[in-house]
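One structure is given below, encoded as structure tokens.
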Amino acid sequence: MTKSPRGRDGRPSHLRLVGSEPGEPCVPAAGVDVDTTPSVAVLETLLETLALDMAAVPAALHPVIAEASVARSAAMLADQLWPAGRPDEIGEVERFFWADAARVLGERRDPESFVLLTSLARTVGPAGRLPLQRAHVSRLRTQDEVPEWVTRIAGFRLTSAIVSEDITGDGLSVVLDYDDEQHPHTLVVFIDNNIGAIIKDVFVGPPVDRVLEAYQRGGRVTIRTVRPPIAAGIILQALGETRDYDDPPVSEDFEFFTGLLVNRLTQMPERPVRPPMRPLLSPRQREQLVEEFLASRFAAGLPADAPDIVRLWIDHAVDHTVGGPLRVSAVLVELFLSQWLPRKVLADSTYFDAVPVVVKAWLEFAGERTELPLDVVDEAVDAVDVWQPALEAAAMIDPVGSKPGERVFLDDTTNDLEDAYRALAGLGSPPQPDLTGLDNHQAATLSVLAPHAWLMAGETLGTAYAPDAFDIAERLVRDAPDLLAKARLSTWPRAIVWLIAHRHCLVGPGEQLTPYTLATDLSSSPATLRKTAKLLTDTLILPR
């Protein structure tokens with residue numbers, strides 16, 4: 001539960017844009033408490049955490065950090081002490097704990113425990129708020145020498161909000177202004193549009209006029225004032241997106257300040273306003289964008305693969321980022337060329353050599369359509385050259401057919417096969433499929449499908465079953481090519497493994513695998529796998 005007073009990069013934690021030095025550290029209370037209830041041990045940890053967190057910042061930020069520290073600790077307690085059970089059981093445990101904590105803190109007289117009690121009384125949810133508030137009022141009447149800043153804990157009022165958005169559309173910052181005479185500050189929330197509009201950072205900033213000055217000095221942003229309920233709605237929607245990630249790429253300050261952020265937003269007098277739904281781009285609208293680009297002067301002399309490459313750019317921008325296909329961004333170029341496209345498309349160097357010139361032309365087209373400054377467009381175009389080697393490294397060494405430029409789509413979860421082969425030492429390298437007599441499309445499909453089936457069977461069932469999977473994949477492409485259209489390409493290796501597991505009686509009563517666990521290992525559903533495997537047995541006359 002404790003937190004280092006310094007961040008991973010060596011700077012004082014929980015402080016951004018504030019250049020002052022930390023004040024005198026707070027020292028945990030001395031002495032040994034004779035109370036032995038479970039609450040005592042937890043409260044001692046909370047006191048230690050609070051002292052360390054406050055020691056990392058100047059005195060001017062003590063009321064803010066006290067609120068943030070306790071809000072985070074309360075959230076962690078909720079995860080650790082009452083994470084499961086029926087709602088009435090959870091509520092009973094929570095009420096008992098906070099009632100006992102209120103009793104323990106109410107009986108103490110040291111200033112550190114009073115700071116903790118004040119913070120808890122103003123941040124803990126309804127289940128524990130009443131006993132904590134009663135204990136706080138009781139101590140307030142008799143507590144000696146209460147510093148003025150303690151009365152400000154969780155008492156700041158949100159007065160205004162601004163949204164600062166990068167003109168490239170990479171992200172936006174929502175700045176919440178707390179215009180207090182003694183402790184003016186802002187909460188800054190950064191939302192990354194390139195990773196599904198998740199919150200990547202939350203931190204305390206200086207008063208809003210200094211934040212505006214910094215943004216204006218940096219340039220390349222648009223700034224608008226919004227009503228606090230609208231700002232709250234933007235933040236809460238992004239927070240929901242963040243929590244959908246298993247391991248979101250967030251900052252250390254995000255982990256610390258999220259409890260404070262949620263606590264303040266939920267205590268606003270007005271209800272948050274949900275942002276409008278993002279407009280969807282239909283397949284026909286995407287094709288229309290491609291046609292408009294091809295009809296423009298920017299498409300003159302482009303390779304024949306230009307329509308396909310532009311459509312891939314549009315699909316990536318719309319389906320995997322926020323902001324639309326006409327965003328011109330060096331970061332978006334990096335994501336497309338170095339990460340998404342090599343994992344989405346298996347192709348030779350002829351195809352990948354066409355990508356940079358097409359993407360550059362598209363960026364110039366989009367920059368003109370959106371009337372972006374030329375330096376922004378030039379920066380994105382230059383990024384294409386920076387990340388072109390990533391495409392060259394991903395190109396197939398040997399083309400899969402006689403026609404150059406052949407490419408096959410992979411599903412979005414596919415990783416580099418060579419990395420997987422090296423990770424599975426028992427499998428070694430996959431056999432090479434025989435492409436004799438196949439047309440270009442069949443050869444490309446077999447080059448993808450057979451190694452995937454071989455790898456998936458070896459990883460899921462054991463190395464002895466990998467050759468079987470390879471042979472079935474080869475028979476599928478050669479003997480029943482029309483069958484491939486009845487399921488996604490990425491489903492066929494999974495169905496082949498499902499079929500082999502049942503053929504060899506590896507699934508069922510007394511076996512390690514059940515239909516559900518096998519489907520989970522294959523990242524699919526039993527119904528889908530059963531249906532696709534039946535297509536194999538019916539068409540290829542394989543044993544059931």
Go through V497 and L522 one step at a time and tell me if the side chain to side chain contact (heavy atoms under 4.5 Å, CB included) criterion holds. CA-CA 8 Å; V497 175; L522 296 173; 4.0 Å; yes
One pair to check against side chain to side chain contact (heavy atoms under 4.5 Å, CB included): D308 and V358. What are the steps and the verdict? CA-CA 10 Å; D308 186 73; V358 174; over 6 Å; no
Working to the nearest 0.5 angstrom, can you tell me the gap between [X] [atom1] and [Y] [atom2]?
| X | Y | atom1 | atom2 | answer |
| --- | --- | --- | --- | --- |
| L302 | L294 | CG | CG | 8.0 Å |
| T532 | K486 | OG1 | NZ | 11.5 Å |
| R327 | D166 | CZ | CG | 9.0 Å |
| L529 | I496 | CG | CD1 | 11.5 Å |
| S251 | F257 | OG | CZ | 9.5 Å |
| L535 | T537 | CG | OG1 | 8.0 Å |

Carefully, step by step, assess D170 and N193 under the rule side chain to side chain donor-acceptor pair (under 3.5 Å). CA-CA 5 Å; D170 287 330; N193 285 338; over 6 Å; no
State which residues pass side-chain contact (heavy atoms from CB on, under 4.5 Å) with [X]; sequence neighbours excluded, sorted by chain then number.
| X | value |
| --- | --- |
| I162 | V175, V208, L212, I223, T225 |
| D471 | none |
| S338 | E334, W387, A390 |

Trace of the side chain to side chain contact (heavy atoms under 4.5 Å, CB included) decision for L239 with L265: CA-CA 12 Å; L239 188 60; L265 293 180; over 6 Å; no
Heavy atoms only: give me the nearest [X]-[Y] pair and the separation to one decimal.
| X | Y | result |
| --- | --- | --- |
| A469 | W454 | CB-N, 4.2 Å |
| A450 | A473 | CA-CB, 3.7 Å |
| I167 | V376 | CD1-CG2, 3.6 Å |
| P526 | P515 | CG-O, 4.1 Å |
| P493 | H452 | CG-CB, 3.9 Å |
| V357 | A354 | CG1-O, 3.2 Å |

Taking C-beta and beyond as the side chain, do [X] and [Y] meet within less than 4.5 Å on heavy atoms?
| X | Y | value |
| --- | --- | --- |
| Q388 | D385 | yes |
| D305 | Y351 | yes |
| Q288 | E292 | yes |
| H316 | L332 | yes |
| W313 | L341 | no |
| P228 | L176 | no |
| T258 | V262 | yes |
| K200 | I191 | no |

Can you check whether [Y]'s main-chain N or O pairs, donor with acceptor, with [X]'s side chain at less than 3.5 Å?
| X | Y | value |
| --- | --- | --- |
| T539 | L536 | no |
| T168 | V328 | no |
| W492 | L449 | no |

Testing the 3.5 Å rule here: is there a donor-acceptor pair between the side chains of [X] and [Y]?
| X | Y | result |
| --- | --- | --- |
| N263 | R72 | no |
| D468 | H504 | yes |
| T436 | D434 | yes |

Which word best sums up how the rings of W498 and H502 line up, parallel for under 30°, tilted for 30 to 60°, or perpendicular for over 60°? tilted
Under 30°, 30 to 60°, or over 60°: which ring-plane class applies to W340 and H320, parallel, tilted or perpendicular? tilted
Between E291 and R311, is the salt bridge (charged side-chain N to carboxylate O under 4.0 Å, His left out) condition met? List the steps. CA-CA 10 Å; E291 293 167 5; R311 177 58 190 269; over 6 Å; no
Decide if atom CZ of R220 counts as having more than 12 heavy atoms of other residues, nucleotides or ligands within a radius under 6.0 Å. yes
Using a cut-off of 6.0 Å, state whether more than 12 heavy atoms not belonging to R284 lie near its atom CZ. yes
V202/F256 under side chain to side chain contact (heavy atoms under 4.5 Å, CB included): CA gap, chis, key distance, verdict: CA-CA 8 Å; V202 181; F256 184 80; over 6 Å; no
My understanding is that only residues two or more places apart in sequence, or in another chain, count here; which of them pass side-chain hydrogen bond (donor to acceptor under 3.5 Å, both in side chains) with T517? T514
Using ring centroids (six-membered ring only for Trp), state whether W362 and F293 fall under 6.0 Å. yes
Any pair counted as ring pair (Phe, Tyr, Trp, His ring centres under 6.0 Å), so long as it reaches residues 512-538, sequence neighbours left out: none
So, are E364 and R369 salt-bridged, with charged N and O less than 4.0 Å apart? no
Could you tell me whether R286 and D319 have a side-chain N and a carboxylate O separated by less than 4.0 Å? yes
Sequence neighbours left out, cut at 3.5 Å: what donor-acceptor pairs do the side chains of residues 274-282 make with other protein atoms?
residue	atom	partner	partner atom	Å
S282	OG	Q285	N	3.1
S282	OG	Q285	OE1	3.3

